[in-house]
Amino acid sequence: MMTIIKHISRVGLVCCIAGATLTGCLKEQEDYFDEPATLRLQNTLDRAQQTLCSAEYGWAMDYYPDRDLEYGGYAYTIRFDSLKAEVRTELLPGQAVSSYYSMASDDGAVLTFDTYNELMHFFATPSSSEYEAKDGDFEFVIDSIGQDVITMHGKRNQNHVYLHRLTEPADTYLQKVISIGENFVGQCSGTIGTQQTDCQIDLNKRTLCYTDAEGNDQEHYFIFTDRGIRFYEPLFISGTRVDQLLVDDQLNMTSPEGDAIRLQGVPHDAGFVPYSNYEGYFYFSIYEGRIAPTVYLRPNRFKGGFEIVGLNSLYTIFLRYDKNTGSLHLNPQILGIYANPNDGLRYTVYLMAWNTTTGNLTWSTDAGMKTVWNGDTENPVYDFVTNGYARFQTDSYYVAYPYLGDDGYAHLARLPSEWGVGGQLQIQKVTSLIKRN
């Protein structure tokens with residue numbers, strides 16, 4: 001006798017034995033649920049919105065924007081009413097942006113932030129240099145609804161998204177998240193299960209890496225919380241599920257699920273500079289200290305660094321912050337668009353890395369310079385040195401727009417002096433940032 005298996009939706013199946021009539025199978029299918037699919041979906045939407053709006057302080061959102069997790073995970077908070085959502089994020093502390101949202105059915109219950117919200121849409125907004133943006137989502141398919149945890153996935157990138165009910169004001173929660181993140185470490189050691197191990201923590205990618213007892217390299221992505229870190233996907237250690245690690249003031253990291261993980265953080269070396277130490281006014285020393293205009297380092301957590309404000313009214317120059325070393329990196333970058341009145345065309349203006357010894361220039365973002373702190377907390381100076389890129393030693397920069405000539409080679413067109421620093425397009429011998437008291 002042959003058994004025919006017929007799948008019924010995602011949650012079950014019905015077996016029909018050969019010899020039974022087709023109508024019998026269909027009747028079993030119809031009776032499997034008490035309600036039609038459309039009504040079940042509407043009930044899910046109603047229950048989801050009711051749960052979302054029931055949280056007094058809103059929800060902490062674990063958000064991983066890129067399908068390859070290139071940017072790691074970031075903490076957001078969202079507080080819902082019947083029409084709008086108030087969004088906050090660790091990337092712009094102290095700021096809240098409200099916008100409309102909707103609940104709709106589209107191959108499931110979908111939560112959509114359908115009016116522009118600069119915080120929620122940041123990773124999903126394309127630009128001239130990123131036509132697919134940063135692979136972020138603003139539409140989320142709801143997978144399960146609990147009283148304190150709602151699970152979803154991005155409609156575009158399919159990444160897991162978790163909402164955790166907040167028990168305190170969103171701004172208070174995010175300040176704790178930022179504090180945990182700024183004081184976190186890059187190395188730790190201890191036990192994972194019964195194995196003694198050393199772990200590396202990449203603070204730029206937000207990953208915990210170690211070698212397990214079988215010799216396999218493990219890489220686990222995480223997000224900072226108000227008490228430590230929470231993993232993108234759970235770890236299973238000797239049969240115990242571990243979703244998070246709690247961190248105390250002595251850098252002890254422990255799993256709340258028994259003793260599955262016990263680690264001790266290793267403090268950063270003496271040259272490490274926390275992110276918050278860089279904000280403020282500096283002398284930007286160039287020409288080996290002969291010129292030092294005053295600039296302001298304005299934090300930009302969305303981009304992961306600081307904008308140098310004050311060198312030119314047409315643009316700011318971006319300094320990337322390396323979370324692992326605590327240093328600032330000045331790499332080639334796009335500064336803006338120049339409309340050439342002679343030919344009527346628009347050209348992309350670059351800050352190019354320059355080696356004055358060889359005369360070579362490059363717009364490769366691998367080239368550039370980084371800062372080294374002098375170790376003085378009262379009068380900090382951050383000296384610029386080449387960043388170690390073996391193929392190009394940078395000591396200066398050049399503001400220009402490159403173009404392809406008739407000879408097939410790249411050439412540089414000279415810009416008006418208003419694009420320069422102090423009227424000079426050559427930013428020679430970049431020396432240091434000196435903190436102003």
Side-chain angles (χ1 to χ4, degrees), residues 10 41 44-45 47-49 51-53 55 58-81 83-92 95-146 149-166 170 173-174 177 204-207 220-225 230-234 243 300-304:
R10 295 182 178 179
L41 184 54
T44 299
L45 290 170
R47 184 160 62 93
Q49 184 167 31
T51 304
L52 290 172
C53 294
W59 301 82
M61 180 183 189
D62 296 359
Y63 181 48
Y64 295 81
D66 179 74
R67 73 191 67 201
D68 297 321
L69 306 179
E70 179 181 347
Y71 310 107
Y74 294 99
Y76 277 68
T77 65
I78 312 175
R79 187 173 65 178
F80 296 87
D81 63 23
L83 295 175
K84 289 187 174 184
E86 181 187 77
V87 180
R88 297 173 183 264
T89 172
E90 63 170 293
L91 296 170
L92 196 61
Q95 300 294 315
V97 178
S98 294
S99 60
Y100 292 99
Y101 74 96
S102 64
M103 307 290 297
S105 58
D106 184 4
D107 292 330
V110 179
L111 167 64
T112 301
F113 296 87
D114 49 7
T115 58
Y116 181 71
N117 183 304
E118 63 179 297
L119 303 185
M120 181 55 66
H121 289 82
F122 171 77
F123 290 101
T125 302
S127 65
S128 58
S129 60
E130 294 178 316
Y131 72 96
E132 290 188 334
K134 291 180 170 60
D135 203 27
D137 265 296
F138 55 89
E139 296 180 288
F140 304 97
V141 180
I142 297 173
D143 298 316
S144 67
I145 306 167
V149 180
I150 296 174
T151 63
M152 308 185 293
H153 67 269
K155 188 176 178 182
R156 175 187 184 184
N157 61 29
Q158 301 294 305
N159 284 355
H160 304 314
V161 179
Y162 302 96
L163 295 176
H164 299 265
R165 183 182 292 265
L166 287 170
Y173 173 83
L174 288 175
V177 169
N204 293 315
K205 294 174 59 179
R206 299 189 173 186
T207 58
H220 297 280
Y221 290 84
F222 64 79
I223 194 168
F224 289 115
T225 71
R230 188 159 47 228
F231 294 108
Y232 176 68
E233 292 183 325
D243 292 289
N300 187 327
R301 291 178 182 270
F302 270 116
K303 294 179 67 176

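Sequential numbering from 1 along the given sequence is applied to the chain's residues. Just so it is clear, the structure is predicted and the values come from calculations on it, not from any experiment.
- Listed for the Asn159 side chain is no donor-acceptor partner under 3.5 Å among the backbone atoms of Gly154.
- Classification of the Phe113-Phe140 ring pair by plane angle, with boundaries at 30° and 60°, yields perpendicular.
- Residue Tyr76 is tested with Phe122, Tyr63, Tyr162 for a ring pair (Phe, Tyr, Trp, His ring centres under 6.0 Å); the sole match is Tyr63.
- Residues Arg165 and Thr51 are in side-chain contact: their nearest non-hydrogen atoms beyond the backbone lie under 4.5 Å apart.
- The closest donor-acceptor contact from the side chain of Thr112 to the backbone of Asp114 lies at 3.5 Å or more, if one exists at all.
- With a 4.5 Å cut-off on side-chain heavy atoms, Val87 and Met61 do not count as touching.
- Residues Leu111 and Met103 meet the side-chain proximity criterion, which asks for heavy atoms closer than 4.5 Å.
- Across all their heavy atoms, Asp81 and Cys53 have their closest contact at O-SG, 3.3 Å.
- With Asn117 contributing its side chain and Val97 its backbone, the two residues share a donor-acceptor pair below 3.5 Å.
- Between Arg156 and Gly136 the shortest heavy-atom distance is NH1-O, 3.3 Å.
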Set out, in order, the CA-CA distance, both residues' side-chain angles and the distance that settles side-chain contact (heavy atoms from CB on, under 4.5 Å) for Leu52 and Ile78, then state yes or no. CA-CA 9 Å; Leu52 290 172; Ile78 312 175; over 6 Å; no

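- Between Thr89 and Ala75, the shortest heavy-atom distance links the atoms OG1-O, 3.3 Å.
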Would you check, one step at a time, whether the test ring pair (Phe, Tyr, Trp, His ring centres under 6.0 Å) holds for His160 with Tyr232? CA-CA 7 Å; His160 304 314; Tyr232 176 68; 5.0 Å; yes

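- Between Lys155 and Asp106 the shortest side-chain heavy-atom distance falls below 4.5 Å.
- Taken from OG1 in Thr207 to CZ in Phe231, the straight-line distance is 10.5 Å, to the nearest 0.5 Å.
- Between His121 and Phe138, the ring planes are tilted. Angles from 30° to 60° get that label.
- Atom OH of Tyr100 has 12 or fewer neighbouring heavy atoms from other residues, nucleotides or ligands inside a 6.0 Å radius.
- In this structure, the side chains of Ile223 and Val177 stay at 4.5 Å or more apart for every pair of heavy atoms.
- Within the structure, every pair that satisfies the salt bridge (Lys or Arg N to Asp or Glu O under 4.0 Å) test and touches residues 68-80, not counting sequence neighbours, is listed here: Arg79-Glu86.
- In terms of modelled atom types and a separation under 3.5 Å, the side chain of Asn157 and the main chain of Pro65 share a donor-acceptor contact.
- Atom OG1 of Thr77 is separated from atom CD of Glu90 by 10.5 Å, given to the nearest 0.5 angstrom.
- Under the ring pair (Phe, Tyr, Trp, His ring centres under 6.0 Å) criterion, Tyr74 pairs with Phe123, not counting sequence neighbours.
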Going through the checks in order, is the ring pair (Phe, Tyr, Trp, His ring centres under 6.0 Å) test met by Tyr101 and Phe80? CA-CA 9 Å; Tyr101 74 96; Phe80 296 87; 5.1 Å; yes

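- Judged purely by atom type and a 3.5 angstrom limit, Tyr173 has no side-chain atom pairing as donor or acceptor with the backbone of Trp59.
- With a 4.5 Å cut-off on side-chain heavy atoms, Thr225 and His164 do not count as touching.
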